[in-house]
Amino acid sequence: ALAEDRAQIDELFDQAQDLWKRGRTEEAAAALKKLLAADPTQSTAYELLRKAENQMFLDLLKAGGDSALAARRLLELAHPGELQRIKDDDAIKALVDQAVHGDDHGARTLAIRKLLANHGEYSVPHLVPYLGSNDTDERVYAILALTELASEAVLPLVEALHSDSWLIQQNASIVLERIGDVRAIGGLVSLAAHAENESVKAAAMGAVASMMAKCGGCEGCEGTCGCGGDGEKKELTPAKAYLKLSKWYYMQSPKVIKNYLGAYTLWAWEDGKVVSREVPKFLYHLELAEECLYDALAEEPGNEVARYALAGIHYAQLGAVQGMGSEAMADEAMQALAKEYSKVMAISAAQGVDAALGALHIGLEMNDPAISLGAMHVLPYVWDGRPLGEDSPLAKALGAEEKVVRFGAAVTVLMLSPSAAFPGSEMVVPLAAQAADTGSARQVLVIDANADVRAANMKALVDGKMFPIGEATGIRGFRRALEVGTFDVIVIRYTMPDMLTMALVNQLREDFRTAA
């Protein structure tokens with residue numbers, strides 16, 4: 001039966017290609033849909049992809065509708081097999097050996113082209129050791145190969161700057177200068193500042209100078225040169241470089257988010273070699289931004305901008321994971337990922353109220369609801385009772401451009417219950433009422449003496465996009481309900497240490513502030 005299924009799949013695929021060649025794109029797509037209905041395995045899809053004409057998929061994707069859906073589904077199904085081919089160590093080693101030790105220029109050039117076309121950045125870990133070789137020819141040919149890989153080589157090559165070998169550091173800097181990719185600026189500035197070997201320092205400084213010289217002035221200045229937008233060159237410190245890179249990564253600027261072979265890979269220098277790890281596509285830019293911020297803090301531990309931005313990245317990561325949807329969360333790997341990222345909120349909360357307010361300021365400045373809402377979610381758990389002045393990011397959030405941020409700010413203020421009026425305080429109740437009416441934000445009071453159960457319930461509510469407040473006793477819960485007055489739901493434990501549950505329910509029903 002399996003053989004017959006495969007025969008049918010092959011026949012349908014050949015039929016689709018034939019129809020496409022005759023210009024019958026819709027019929028070709030229909031054949032692919034029948035093929036997909038036969039439920040091909042990943043390996044089968046990959047084999048079909050390898051023998052397909054690329055132009056067919058381009059035409060189907062361009063056609064849109066069912067044609068694009070069928071082509072995209074087959075490509076997605078084949079992707080794990082394609083990724084396995086990209087990362088094929090044996091194939092890479094053979095090509096690298098040919099690129100470095102080939103008998104003639106033509107053989108070496110062909111090997112480099114195959115590395116670029118088929119393996120991209122995964123070639124770099126196999127080439128890096130040759131940068132530190134005592135054999136001059138090996139070093140030169142490795143430099144040529146890495147230079148030809150161009151932007152594909154940048155991220156793993158930046159990690160090679162952490163090598164203990166001064167030759168690897170020097171030659172990696174030379175290659176990065178030749179490539180001229182801005183993603184290397186942080187690592188090169190750091191190496192130039194800290195290298196003890198004079199040859200390494202000179203190579204890194206030369207690479208930095210070359211990149212800074214490319215700044216075209218204030219007309220569209222991207223700040224790589226450190227001129228600050230006024231045309232006057234200023235010192236570009238490692239921390240500044242990493243902060244700039246982090247912002248570009250977070251904003252998914254095309255100057256730094258470059259993915260050629262469909263693999264979303266992070267690189268690191270561990271145990272004397274370049275190693276990789278894969279991350280989901282939707283977290284790729286956030287992970288890169290986070291790495292840059294940790295690098296900035298390593299350079300300047302007291303840098304508040306980096307600390308606040310890191311908290312903001314954590315909020316954005318958690319929001320991205322929580323927004324994966326039920327279909328994605330059915331996957332065990334995604335469940336493990338969500339569990340891992342649930343820790344970031346605790347990490348951010350441990351940084352205190354200043355970090356949360358700093359992240360909120362950044363979120364408002366960037367008009368980024370993910371960061372703003374994440375920061376406001378943390379604030380009630382770390383709040384120290386400080387007054388809300390007109391310069392407070394929370395007060396400013398009440399007038400934010402995004403409605404969801406305004407609503408979130410109003411609910412957060414209600415949760416904090418400030419003791420005195422502040423600029424914009426008259427907006428709080430109307431905004432909270434609008435939020436309740438539109439269903440954009442639901443506030444829930446959880447009254448439960450059991451701290452573990454209370455925390456679990458509050459987490460479940462947060463996961464449901466609600467805003468919970470917790471109290472441990474009936475009396476404190478009742479007072480909070482009266483103070484806030486806008487809870488949509490009040491969850492009460494069936495037994496309480498200080499009063500009968502029904503007595504509390506009756507009081508809440510009788511008071512005009514909570515009767516509705």
Side-chain angles (χ1 to χ4, degrees), residues 42-43 45-47 49-52 54 75 78-165 167-169 171-176 178-179 181 183-184 187 258-279 281 284 287-288:
Q42 288 181 346
S43 60
Y46 173 65
E47 289 175 25
L49 182 65
R50 296 299 296 159
K51 72 174 187 178
N54 290 337
L75 289 169
H79 181 69
E82 181 71 2
L83 188 58
Q84 186 176 359
R85 180 187 66 83
I86 291 169
K87 299 169 66 175
D88 186 338
D89 272 355
D90 291 337
I92 294 172
K93 287 176 183 176
L95 288 170
V96 166
D97 183 64
Q98 186 68 24
V100 175
H101 301 118
D103 294 332
D104 57 69
H105 176 72
R108 292 192 297 272
T109 300
L110 180 60
I112 292 171
R113 287 176 179 171
K114 287 183 177 179
L115 286 172
L116 177 59
N118 299 326
H119 305 288
E121 60 188 334
Y122 288 97
S123 310
V124 178
H126 299 276
L127 285 163
V128 163
Y130 290 113
L131 295 179
S133 173
N134 292 323
D135 185 314
T136 303
D137 286 344
E138 287 184 343
R139 292 201 305 273
V140 169
Y141 291 139
I143 288 172
L144 290 174
L146 287 164
T147 303
E148 287 299 315
L149 287 172
S151 289
E152 280 281 298
V154 171
L155 291 184
L157 201 54
V158 166
E159 295 304 318
L161 297 176
H162 297 292
S163 171
D164 292 332
S165 165
L167 263 178
I168 290 180
Q169 290 181 323
N171 291 323
S173 299
I174 290 170
V175 175
L176 289 169
R178 291 182 176 184
I179 296 171
D181 192 305
R183 291 174 296 170
K258 303 177 181 182
N259 187 271
Y260 301 102
L261 295 179
Y264 297 90
T265 309
L266 300 180
W267 296 92
W269 183 264
E270 294 179 5
D271 299 325
K273 59 184 178 181
V274 181
V275 298
S276 65
R277 68 180 176 94
E278 311 300 323
V279 295
K281 177 181 178 180
Y284 182 59
E287 290 271 5
L288 288 168

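- When all heavy atoms are compared, the tightest approach of Val100 to Tyr141 is O-CD1, 3.2 Å.
- Listed here is the closest heavy atom pair of Ile86 and His119: O-ND1, 2.8 Å.
- Residues satisfying the ring pair (Phe, Tyr, Trp, His ring centres under 6.0 Å) criterion with Trp269, sequence neighbours excluded, are absent altogether.
- One finds the CZ atom of Arg178 at 10.0 Å from the CD atom of Glu148 (value rounded to the nearest 0.5 Å).
- Residues forming a side chain to side chain contact (heavy atoms under 4.5 Å, CB included) with Arg139 (at least two apart in sequence, or on another chain): Ser133, Thr136, Leu167, Asn171.
- Across Ala99 and Ile112, no two heavy atoms sit closer than the pair CB-CG1, 3.8 Å.
- Looking at every heavy atom in both residues, Ala160 comes nearest to Ile168 through O-CG2, 3.7 Å.
- Between atom CG of residue Leu127 and atom CG of residue Leu144 there is a gap of 11.0 Å, rounded to the nearest 0.5 Å.
- In terms of heavy-atom proximity, Ser151 sits nearest to Asp181 at OG-OD2, 3.0 Å.
- More than 12 heavy atoms of other residues, nucleotides or ligands shown are found within 6.0 angstrom of CG on Asp104.
- There is no side-chain donor-acceptor pair under 3.5 Å between His126 and Asp97.
- Of all the heavy atoms in Leu115 and Ser123, the pair that sits closest is CD2-OG, 3.4 Å.
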Would you sort out whether Glu287 and Tyr264 count as a side chain to side chain contact (heavy atoms under 4.5 Å, CB included), showing the intermediate values?
-> CA-CA 10 Å; Glu287 290 271 5; Tyr264 297 90; over 6 Å; no
Check against side chain to side chain contact (heavy atoms under 4.5 Å, CB included), Val158 and Arg183 | CA-CA 8 Å; Val158 166; Arg183 291 174 296 170; 5.9 Å; no
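- With respect to Glu270 and Arg277, no salt bridge is recorded, no charged nitrogen being found less than 4.0 Å from a carboxylate O.
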Test side chain to side chain contact (heavy atoms under 4.5 Å, CB included) on Leu131 and Leu157 and set out the steps.
-> CA-CA 11 Å; Leu131 295 179; Leu157 201 54; 4.1 Å; yes
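- Using modelled atom types, one side-chain atom of Gln169 and one backbone atom of Leu161 make a donor-acceptor pair closer than 3.5 Å.
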Check step by step if side chain to side chain contact (heavy atoms under 4.5 Å, CB included) holds for Ile143 and Tyr130.
-> CA-CA 9 Å; Ile143 288 172; Tyr130 290 113; over 6 Å; no
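- Rounding to the nearest 0.5 Å places CG of Asp88 at 10.0 Å from NZ of Lys93.
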